[in-house]
Chemist: 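Structure provided below as structure tokens; questions to follow.
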Number of protein chains: 2
Amino acid sequence: MATISDVASRAGVSTATVSRALNGKSTVDPELVARVIAAARELGYQPNGPARNLRRQEAAVLALIISDVENPFFTAIARGVEDVAHKVGYSVVLCNADENAAKERRYIDVAIQERVAGVIMSPTSTATNIDPLVNRSTPVVAVDRPLPGHPSDTVLVDTRLAAREATEHLLARGYRRIGCVTGPSGVRTAEDRLAGYRDALRAANQRGSTRLVRRTEFRAPGANRAAHELLAQPEPPDALLVANSAMAIGALGALAERGLRPGRDVGVVAFDDVPWAALVDPPLTVVAQPAYEIGTVAAQLLLARVNDGARPATTTTLAARLIERGSSHR
Amino acid sequence: MATISDVASRAGVSTATVSRALNGKSTVDPELVARVIAAARELGYQPNGPARNLRRQEAAVLALIISDVENPFFTAIARGVEDVAHKVGYSVVLCNADENAAKERRYIDVAIQERVAGVIMSPTSTATNIDPLVNRSTPVVAVDRPLPGHPSDTVLVDTRLAAREATEHLLARGYRRIGCVTGPSGVRTAEDRLAGYRDALRAANQRGSTRLVRRTEFRAPGANRAAHELLAQPEPPDALLVANSAMAIGALGALAERGLRPGRDVGVVAFDDVPWAALVDPPLTVVAQPAYEIGTVAAQLLLARVNDGARPATTTTLAARLIERGSSHR
DNA sequence: TTGTACGCGTTATCAA
DNA sequence: TTGATAACGCGTACAA
């Protein structure tokens with residue numbers, strides 16, 4: 001494989017000049033630049049990344065550690081991050097922690113070992129430990145969920161308010177016993193959505209009952225079981241607030257299995273506006289989170305911090321938007 | 001940040017011994033190993049990846065370049081690759097080419113620059129050029145679509161046969177004018193699905209008509225337009241074979257917009273068994289591709305080739321499975 | 001079994 | 001503006 005000195009001898013210059021020419025330093029004779037570029041092309045020269053990163057003590061790479069690659073919310077974030085990063089010459093490596101603290105820990109180690117410029121992550125839980133990153137002063141931006149412990153740039157959605165509005169919407173539609181299927185305890189978004197739900201009930205002078213609330217993993221099977229449990233009760237809920245789209249699949253499945261029609265029999269609002277939401281019958285009312293924008297904002301914050309480690313940490317909170325469809329209409 | 005010589009002095013040994021101890025070489029006194037490990041832990045030592053990769057001339061990293069992160073088919077492949085790679089100590093970096101030849105090209109360059117051990121990719125089109133990888137003898141495994149030019153390990157689904165069976169299923173259900181919405185020309189899976197569709201019509205002594213076929217990008221909006229065009233004709237199709245799940249969303253949307261009910265009015269079979277397929281009304285008949293298994297097989301092939309570059313190239317073809325649901329029932 | 005010393009390919013410093 | 005050279009941190013050949 002061609003190295004920088006191969007290019008240097010072919011162009012009849014020193015390696016230093018090749019390096020300067022290829023990195024666009026302004027202090028190089030234009031004619032030499034042309035010769036270097038030609039030589040590099042002829043040899044199919046590609047710089048050796050590890051050597052460059054070793055020398056520079058940093059790679060033009062951002063790590064994005066997300067909790068679940070199969071969740072469209074997180075893949076949309078990924079696209080936002082990529083679009084911003086690529087524009088300024090950074091690559092993004094996507095790591096799937098799979099809602100698994102051990103995998104997450106492993107990817108944090110990989111990010112450190114590879115000396116990436118910065119890390120964007122959605123922590124799997126409040127147990128997430130970023131001390132290793134902080135100790136090495138690798139910039140970290142949290143998305144979707146805040147990081148425990150250290151102050152860091154954070155991009156969130158006002159999901160508590162969104163959950164409140166969604167619940168108020170159900171109340172306004174005439175549903176009276178609203179249930180909530182949310183994520184595991186220890187995950188901030190799960191807590192916030194539940195809190196927003198309770199805010200709305202309290203504001204309407206309803207006493208929330210724990211019999212109407214279930215916590216489960218953020219996936220379909222758990223939500224399916226949870227919905228069945230709620231609906232099997234003597235006084236079942238007449239509406240459900242569901243905390244993400246995978247869970248919506250489980251919950252809607254449970255309704256179908258019980259012969260209940262969303263909207264008419266049980267009102268349903270779920271978080272995340274997935275492409276198929278408008279397609280089910282009746283179409284699903286959702287809380288649309290600005291996932292792509294979370295990604296772009298996070299990437300901008302991270303790049304800013306890479307260039308200035310002393311910037312004070314900020315928290316950006318984006319608004320979600322309720323999209324009313326048939327599943328919350330009797 | 002702690003280096004290997006920090007660990008060495010703390011443990012009272014040489015850097016060579018630290019290296020050997022940490023890499024599990026058998027020729028080290030067990031007591032020294034213990035001291036080294038203790039020192040490394042105390043210092044929070046993490047090896048410098050770039051330095052290690054520079055020295056080793058290779059990184060324990062696989063690149064996975066997929067055509068679309070937002071397509072569940074590809075994210076399932078990614079999980080398969082990850083699970084196999086992690087088991088043997090390799091990391092996976094996921095790159096989203098976004099069905100875009102330029103991004104794909106860029107990620108190939110990144111893979112070369114970072115000197116990854118190997119690349120798994122689903123080529124965006126027959127124009128994909130992997131010469132740069134081949135020239136540097138970086139092992140490549142193609143998934144979903146074959147690579148043009150060079151013989152390489154390849155993991156495919158027998159999608160032509162699957163399309164034929166899906167079409168025969170529609171014929172057996174009594175549909176008589178079957179249309180096909182497939183992907184762009186130049187993409188092998190798009191061609192194969194169309195070919196399988198035509199195989200079935202020919203076997204049934206039907207003359208396929210180009211008026212029943214549309215090609216479009218593998219996304220919902222294109223498929224939506226295509227389905228509208230097909231259905232607006234004087235003699236519209238009474239069934240549709242749709243080439244992936246994103247396109248299914250567009251096509252089902254078109255049916256809804258025209259007040260047509262899947263199954264009863266227009267039979268529908270789509271590729272890829274997505275979680276919501278069973279949830280729409282009527283449930284969607286699909287061709288389930290073994291995506292996760294594609295990933296595991298591809299990773300195994302790649303790792304085998306990393307260890308033995310002389311292995312002959314193989315092509316593995318996996319079978320797809322038709323899952324009959326309501327959308328192909330009158 | 002352990003230590004010394006070199007080189008991987010690049011960039012940055014310094015001198016010319 | 002250019003070139004010689006040192007240094008980044010690690011693994012290993014070789015010597016002890």
Side-chain angles (χ1 to χ4, degrees), chain A residues 1-37 39-40 43-61 89 109-117 136 138, chain B residues 1-37 39-40 43-61 89 109-117 136 138:
Chain A
M1 200 156 340
T3 72
I4 198 171
S5 44
D6 297 329
V7 178
S9 29
R10 180 161 192 122
V13 298
S14 72
T15 60
T17 299
V18 174
S19 176
R20 286 187 283 247
L22 261 25
N23 289 298
K25 306 280 184 218
S26 52
T27 66
V28 187
D29 185 316
E31 195 223 333
L32 285 191
V33 172
R35 255 160 60 197
V36 167
I37 289 177
L43 293 171
Y45 170 72
Q46 291 276 19
N48 183 310
R52 162 179 286 175
N53 299 337
L54 172 59
R55 176 62 229 224
R56 290 200 179 148
Q57 297 286 58
E58 180 170 290
V61 171
D109 285 347
V110 171
I112 292 170
Q113 287 175 15
E114 298 304 324
R115 306 307 198 250
V116 301
R136 291 171 177 76
T138 301
Chain B
M1 197 154 348
T3 72
I4 197 170
S5 45
D6 297 329
V7 178
S9 31
R10 181 160 192 122
V13 298
S14 72
T15 60
T17 299
V18 173
S19 175
R20 285 187 283 248
L22 259 26
N23 289 296
K25 303 284 185 217
S26 51
T27 66
V28 185
D29 185 318
E31 195 224 333
L32 285 192
V33 173
R35 256 163 54 199
V36 167
I37 289 178
L43 293 171
Y45 170 71
Q46 291 276 20
N48 182 309
R52 161 180 282 175
N53 298 336
L54 172 60
R55 175 62 230 225
R56 290 200 179 145
Q57 299 284 53
E58 181 170 291
V61 171
D109 285 347
V110 170
I112 292 170
Q113 287 174 14
E114 297 303 322
R115 304 311 196 247
V116 301
R136 291 171 175 77
T138 301

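Just so you know, these numbers come straight off a predicted model, no measurement behind them. Residue numbers start from 1 in every chain, and the chains themselves are labelled A, B, ... in the order their sequence lines are given, proteins ahead of strands.
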Chemist: Do A:N48 and A:T3 come within less than 4.5 Å of each other through their side chains, counting heavy atoms only?
Modeler: no
Chemist: OP1 or OP2 of C:dT2 less than 4.0 angstrom from a side-chain nitrogen or oxygen of B:T17, does that happen here?
Modeler: no
Chemist: With heavy-atom distances below 4.5 Å as the criterion, would you say the side chains of A:R35 and A:V13 are in contact?
Modeler: yes
Chemist: Do B:E114 and B:V61 come close enough that some side-chain heavy atom pair is under 4.5 Å?
Modeler: no
Chemist: Does any N or O in the side chain of B:D29 come within less than 3.5 Å of the main-chain N or O of B:E31, such that one atom is a donor and the other an acceptor?
Modeler: yes
Chemist: Should B:Q46 and A:R136 count as side-chain neighbours, where that means a heavy-atom distance under 4.5 Å?
Modeler: yes
Chemist: Which nucleotides of nucleotides 8-16 of chain C have their base under 4.0 Å from a protein heavy atom (B), which only their sugar-phosphate (S), and which neither (-), written as one string 5' to 3'?
Modeler: BBBBBB---
Chemist: Between atom CZ of B:R52 and atom CD of A:Q113, what is the distance when rounded to the nearest 0.5 Å?
Modeler: 6.5 Å
Chemist: With rounding to the nearest 0.5 angstrom, report the CZ to OG distance, B:R20 to B:S26.
Modeler: 11.0 Å
Chemist: Near DNA chain C, counting only heavy atoms under 4.0 Å, which residues of residues 27-36 of chain B show up?
Modeler: B:T27, B:V28, B:D29, B:L32
Chemist: Of B:L22, B:V7, B:V28, B:T27, which meets side-chain contact (heavy atoms from CB on, under 4.5 Å) against B:T17?
Modeler: B:V28
